[in-house]
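Structure first, then comments.
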Amino acid sequence: MNSYRVEYLSVLSSQDDFCKSTESFNYLVQSYDHIEVIGTQIKFKDQSFGYEVQFGEINQGNQRFFHLKLCCDNSQALDNFKVLLKSIRTILAKASGKPPEVLWDDISTQLSCEAYPVLHEIENILRKLITKFMLTTVGAAWTKDTVPKEVLDSLKDKKNIPSQNYLHETDFIQLSNFLFEEYSTANSKKLVDKLRSVNSVSELSIDELKEMVPQSNWERYFSPVVDCTSEYLENRWKRLYELRCVVAHNRFISRDEFDEIIKISTDIKEKLINAIDNLDKVHVSEEQKEEVAENIASNFNEMYGEFIVAFNALQEVILYLYNSTYKDEPINNPQRVQFSKAVVRRLCHDGFLSKTAYPYYREVNHLRNMIVHQIDAQFSEGDVVDGLKIMSILKKDVLKVLQELNSEK
């Protein structure tokens with residue numbers, strides 16, 4: 001860019017004779033040393049720049065506006081031009097009591113153009129990390145070329161199906177939720193029962209207690225292989241998001257903001273690439289794979305999150321009913337959803353649950369697996385709502401049976 005144009009609009013509220021003409025405005029501008037207005041030029045430290053002022057009155061003369069246009073045609077003089085602009089902004093802020101409105105700023109536009117590819121790169125590096133992590137842990141469903149319409153609508157209300165997985169349609173800040181949002185994996189009821197049954201602290205497992213402490217995916221899987229805390233990365237990502245919004249929404253960025261974008265992006269990039277390079281050292285158990293899949297589905301769609309929470313709550317009461325009924329063969333360490341259909345089938349067969357409970361459960365179980373594992377699954381928001389209703393009914397039926405069993409004791 002060989003020519004840089006900057007425009008300011010300043011409104012002065014005054015009923016006296018202060019700055020009532022272009023000529024008096026020019027005198028105001030020249031109140032700083034080294035500034036001299038000569039016709040359509042403004043000289044600053046022996047360098048000349050384009051200068052134009054438009055003057056007008058509003059509110060019956062109680063307010064006056066000055067539209068100031070400045071231009072630098074010599075890139076070698078750009079540093080002095082920036083100093084001049086800062087001086088003029090200071091003058092106008094003192095005169096009007098507030099900073100001038102920036103109507104146009106080619107210098108900021110150039111900085112935004114230079115910042116965008118940096119932000120684009122760091123955003124896609126994070127997508128690369130999450131996608132590879134999901135592919136190598138959850139499975140190949142992440143290579144599908146289509147996405148559930150509801151996921152897409154909930155994220156960006158797009159009409160076109162993207163060419164790759166829906167991480168490419170996920171907002172900048174939502175991406176970070178997958179890595180940095182804390183969640184607990186423990187079955188709280190199971191832990192409470194455990195606490196009630198022990199006679200001394202020595203009978204408690206420290207691992208069971210640790211499960212109750214919410215942790216992010218970064219803390220669970222990446223902190224052991226990358227020397228960086230979740231808090232450190234999350235804080236910098238949030239700040240980068242704020243700066244990205246300035247660029248993306250066509251607001252004018254300062255040189256300091258641009259330098260901050262470069263610094264934070266460089267720092268984060270190093271940590272994310274390190275995490276990608278060390279993915280082969282990350283161990284994820286079969287149960288953790290389910291947790292990761294549920295976590296990412298919940299983060300990217302609020303209704304999916306509500307469904308998963310309800311499904312897990314239903315699992316807990318079903319397991320509790322089974323262990324209360326078949327005390328000689330309890331299930332102590334279920335592999336999350338794998339046990340459930342057989343459990344429900346047996347409870348229905350033995351008359352503890354109605355015969356319709358099994359097909360209903362099988363339906364919501366299937367829907368849960370599609371939400372968590374099948375990125376190319378097609379179902380409507382109504383399907384999820386219906387699933388929530390079915391689970392509510394099933395949970396009430398299970399709790400009713402438990403209540404009856406307890407009353408018989």
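This one's a predicted model, so the numbers in the text were calculated from it and none came from an experiment. Worth knowing before you read on, the calculation uses all heavy atoms, side chains too, and leaves out hydrogens, waters and symmetry mates.
Under a 3.5 Å cut-off, the side chain of Thr131 and the backbone N or O of Lys128 do not form any donor-acceptor pair. Put simply, the side chain of Arg64 gets close to the backbone of Phe18: a donor and an acceptor are under 3.5 Å apart. A donor-acceptor contact shorter than 3.5 Å links the side chain of Asp106 to the backbone of Arg5. With Ser87 contributing its side chain and Val83 its backbone, the two residues share a donor-acceptor pair below 3.5 Å. Asp267 places no side-chain N or O within 3.5 Å of a backbone atom of Lys263 that could act as its donor or acceptor partner. No donor-acceptor distance shorter than 3.5 angstrom exists from the side chain of Glu329 to the backbone of Tyr326, with no hydrogens or angles considered. Under the 3.5 Å distance criterion, the side-chain polar atoms of Arg89 are left unmatched by any main-chain donor or acceptor of Pro99. Looking only at distances, a side-chain donor or acceptor of Gln30 sits under 3.5 Å from a matching main-chain atom of Asn26.
Here the side chains of Leu111 and Val247 are not in contact, with every heavy-atom distance at 4.5 Å or above. You'll find the side chain of Lys269 reaches within 4.5 Å of the side chain of Ile125, heavy atoms only. The shortest side-chain heavy-atom distance between Ile264 and Ile261 does not fall under the 4.5 Å cut-off. In this structure the side chain of Ile88 never reaches within 4.5 angstrom of the side chain of Tyr32, judged on heavy atoms. Counting only heavy atoms from C-beta outward, the side chains of Leu179 and Leu129 approach each other to under 4.5 Å. Using a 4.5 Å heavy-atom cutoff, the side chains of Ile253 and Leu243 are not in contact.
Counting non-hydrogen atoms of neighbouring residues, nucleotides and ligands closer than 6.0 angstrom, the CG atom of Asp227 reaches no more than 12 such neighbours. Counting non-hydrogen atoms of other residues, nucleotides and ligands closer than 6.0 Å to CD of Glu182 gives a total above 12. Within a 6.0 Å sphere centred on CZ of Phe65, heavy atoms belonging to other residues, nucleotides or ligands number more than 12. More than 12 heavy atoms of other residues, nucleotides or ligands shown are found within 6.0 angstrom of CD on Gln41.
Aromatic ring centroids of Tyr221 and Phe133 lie under 6.0 Å apart.
Defined by atom type and a distance below 3.5 Å, a donor-acceptor pair is present between the side-chain atoms of Arg346 and Tyr322. In this model, no donor atom of one side chain and acceptor atom of the other lie less than 3.5 Å apart for Asp105 and Tyr4. Side chains of Lys271 and Asn274: a donor-acceptor N/O pair is absent below 3.5 angstrom, by distance only.
Here the SG-CD1 distance, from Cys72 to Ile107, works out to 7.5 Å after rounding to the nearest 0.5 Å. Atoms CG and CD, on Asp386 and Glu363 in that order, are 7.5 Å from each other to the nearest 0.5 Å. The distance from the CD atom of Glu381 to the OH atom of Tyr304 is 9.0 Å, given to the nearest 0.5 Å. Residue Leu240 holds its CG atom at 11.0 Å from CG of Leu233, rounded to the nearest 0.5 Å. Here the straight-line distance linking atom CZ of Arg345 with atom CG of Leu353 works out to 13.5 Å at 0.5 Å rounding. The structure places OG of Ser176 at 9.5 Å from CD1 of Ile268, a figure rounded to the nearest 0.5 Å.
Of all heavy-atom pairs between Leu119 and Arg244, the closest is CD1-CA, 3.9 Å. Between Gln63 and Ser13, the shortest heavy-atom contact is NE2-OG, 2.9 Å. Closest heavy-atom contact between Cys348 and Ser354: SG-O, 3.2 Å. Taking both residues in full, the closest heavy atoms of Thr266 and Ile262 are given as OG1-O, 2.7 Å, listed atom of the first, atom of the second, then distance. Taking both residues in full, the closest heavy atoms of Asn323 and Pro330 are given as OD1-CA, 3.3 Å, listed atom of the first, atom of the second, then distance. Contact detail for Ile91 and Ser31: the closest heavy-atom pair is CD1-OG, 4.3 Å.
Scored by the side chain to side chain contact (heavy atoms under 4.5 Å, CB included) test, Thr40 finds no partners at all (sequence neighbours excluded). Judged as a side chain to side chain contact (heavy atoms under 4.5 Å, CB included), and not counting sequence neighbours, the contacts of Ser230 are Phe180, Ser216, Trp218, Glu219. With sequence neighbours left out, the salt bridge (Lys or Arg N to Asp or Glu O under 4.0 Å) criterion links Glu52 to Lys69.
Legend: ring pair (Phe, Tyr, Trp, His ring centres under 6.0 Å) pairs involving residues 81-115, not counting sequence neighbours, sorted by first then second residue: Phe49-Phe81. Applying the ring pair (Phe, Tyr, Trp, His ring centres under 6.0 Å) rule to pairs touching residues 225-252 yields Phe172-Trp237, sequence neighbours excluded.
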Let me check something: any side-chain donor-acceptor pairs from residues 389-403 under 3.5 Å, sequence neighbours excluded? List them with distances.
none

Next item on the list: May I have the step-by-step check of side chain to side chain donor-acceptor pair (under 3.5 Å) for Gln315 and Tyr361, ending in yes or no?
Entry: CA-CA 10 Å; Gln315 296 279 81; Tyr361 177 81; 2.5 Å; yes

